[in-house]
2 protein chains.
Amino acid sequence: MTVIFSKKCEYGLQAVLYLSTLEEGAMASADEISRKLEIPKEFVSKILQSLTAKKLVKSRKGNSGGFFLGKPASKIKLIEIVEAIDGLSLFNNCVLGFPECSPDNPCPVHNKWGKLRESAYKMLTDETLEHFKKKTIAKINTIGKKK
Amino acid sequence: MTVIFSKKCEYGLQAVLYLSTLEEGAMASADEISRKLEIPKEFVSKILQSLTAKKLVKSRKGNSGGFFLGKPASKIKLIEIVEAIDGLSLFNNCVLGFPECSPDNPCPVHNKWGKLRESAYKMLTDETLEHFKKKTIAKINTIGKKK
DNA sequence: TAGTAATCAGATAAATTAATCTGATTAAAA
DNA sequence: TTTTAATCAGATTAATTTATCTGATTACTA
């Protein structure tokens, strides 16, 4: 298999994007998120719990409780979620798996991959959840509907 | 964890790159490859066996046997190894894990990721093992030596 | 021809990741 | 105050990936 982010991270990103579409003060239960995104309820719940521990997400227990963003969508970037769940090894390790890949001891594709890695990092760092809101809503609305 | 290629694929790429540095007609045993690249012998052996089945690598049994490239290094591209081991799902699936990500139903980072994906594909497709030979030799020679 | 060292094949073990289950706690609402 | 529906916490299970083991076969070499 070939993967960029682990399932945990993919689900985490999706869930946080979902939370960013809620209106001010609203929250969403693990059950709701699970249904809307068609991902396992207990799993997404666990993931959001771990993000709660890192203050990216907050939660309220009890009836009508749920999860909501830990700070405004305009202040959260995708990279924060990735870092909290998968870490940043993607941006530090050699793409071919060679040990200690560095500019003065580069693997055969070191330079090319370096540029790509930078762009990927930029993609996750440049924009906030707020910026993605419209696109996120459009995407989420298509889930579960056959085209 | 965050990964581009599976360990199997990383080891496969390294092993094939190693084979590309051998001189015409030479071959390397799984044991030699394992020692030089510092990766598990039985594992790399298994991986090369699977590549043998796909004609990318050939092998000879018996004493003084080993593995060697199935065709000239000047005719093998990295993408062939990746495809044989991990498949090309990296280049087809949504980076955020959304179902059915496409130009007319894009995820929030669809366009940006699309460009990156293309460059990554290019990196694996443009050059042959022959082209990487010098860099490969330099890299391999540093393994196991402290700087 | 016997010994040795290699691939090959398939089973198994270990580790990691993904997913589920169970029970406790919390808090709103009837 | 009781019921209900949610998070939370931790254990457990399932699936996948990574790694190892064992025995058979092959072919070179002494």
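All chains are named by letter (A, B, ...) in the order of the sequence lines, taking the proteins before the strands, and each is independently numbered beginning at 1. Keep in mind the model is a prediction, meaning the values are calculated, not measured. Computed from heavy atoms alone, side chains included, the values below leave out hydrogens, waters and symmetry copies.
- Residue B:Phe68 contributes atom CZ, which lies 12 Å from atom P of C:dT7 at whole-angstrom precision.
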**OP:** Starting at the 5' end of nucleotides 25-30 of chain D, put B wherever the base has a protein heavy atom under 4.0 Å, S where only the sugar-phosphate does, and a dash everywhere else.
**Re:** -BBB--
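- Near DNA chain C, defined here as any heavy-atom distance below 4.0 Å, there are no residues from residues 13-37 of chain A.
- Under the 3.5 Å distance criterion, the side-chain polar atoms of A:Glu10 are left unmatched by any main-chain donor or acceptor of B:Phe98.
- Applying the ring pair (Phe, Tyr, Trp, His ring centres under 6.0 Å) criterion to B:Phe67, with sequence neighbours excluded, gives no partner residue.
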What protein N or O atoms touch nucleotides 9-13 of chain D N or O atoms at under 3.5 angstrom, if any, and at what distances?
unit_1	atom_1	unit_2	atom_2	d
D:dG10	N7	A:Lys46	NZ	3.3

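- Straight-line distance from the CD atom of B:Glu10 to the P atom of D:dT17: 14 Å, rounded to whole Å.
- Atom pair B:Ile47:CD1 and D:dT17:P shows a separation of 13 Å (rounding to whole Å applied).
- Distance alone, capped at 3.5 Å, places no donor-acceptor pair between the A:Asp86 side chain and the A:Val82 backbone.
- The separation between B:Lys41 atom NZ and D:dT20 atom P is 12 Å, rounded to whole Å.
- As rounded to whole Å, 11 Å separates atom P of D:dT18 from atom CD1 of B:Ile85.
- The side chain of A:Tyr11 contributes no N or O atom lying less than 4.0 Å from OP1 or OP2 of C:dA18.
- The ring pair (Phe, Tyr, Trp, His ring centres under 6.0 Å) search around A:Tyr18 returns none, not counting sequence neighbours.
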What donor-acceptor contacts under 3.5 angstrom involve side-chain atoms of residues 73-80 of chain A, with partners at least two apart or in another chain?
unit_1	atom_1	unit_2	atom_2	d
A:Lys77	NZ	A:Thr125	O	3.4
A:Glu80	OE1	A:Lys71	NZ	3.0
A:Glu80	OE2	A:Lys77	N	2.9

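- Rounded to whole Å, atom P of C:dA11 lies 18 Å from atom CZ of B:Phe43.
- Taking 4.5 Å as the limit, every side-chain heavy atom of B:Cys94 sits out of range of all side-chain heavy atoms of B:Trp113.
- Between B:Glu118 and B:Lys115, none of the side-chain N atoms (NZ, or NE/NH1/NH2) sits under 4.0 Å from a carboxylate O, so this pair counts as no salt bridge.
- With contacts defined as side-chain heavy-atom distances shorter than 4.5 Å, the pair B:Lys139/A:Cys101 qualifies.
- With hydrogens and angles ignored, the 3.5 Å screen pairs no side-chain donor or acceptor of A:Ser45 with any backbone N or O of A:Lys41.
- As rounded to whole Å, 15 Å separates atom P of D:dA6 from atom CG of A:Leu48.
- What separates CD1 of A:Ile39 from P of C:dA19 is a distance of 9 Å, to the nearest Å.
- For B:Arg117 (side chain) and B:Asn93 (main-chain N/O), a donor-acceptor pair under 3.5 Å exists by modelled atom type.
- Proximity of A:Glu130 to A:Pro72: side-chain heavy atoms (C-beta onward) are nowhere separated by under 4.5 Å.
- For B:Lys8, the side-chain atoms get nearest to D:dT18 when compared with the rest of D:dT18, D:dT20, D:dT7.
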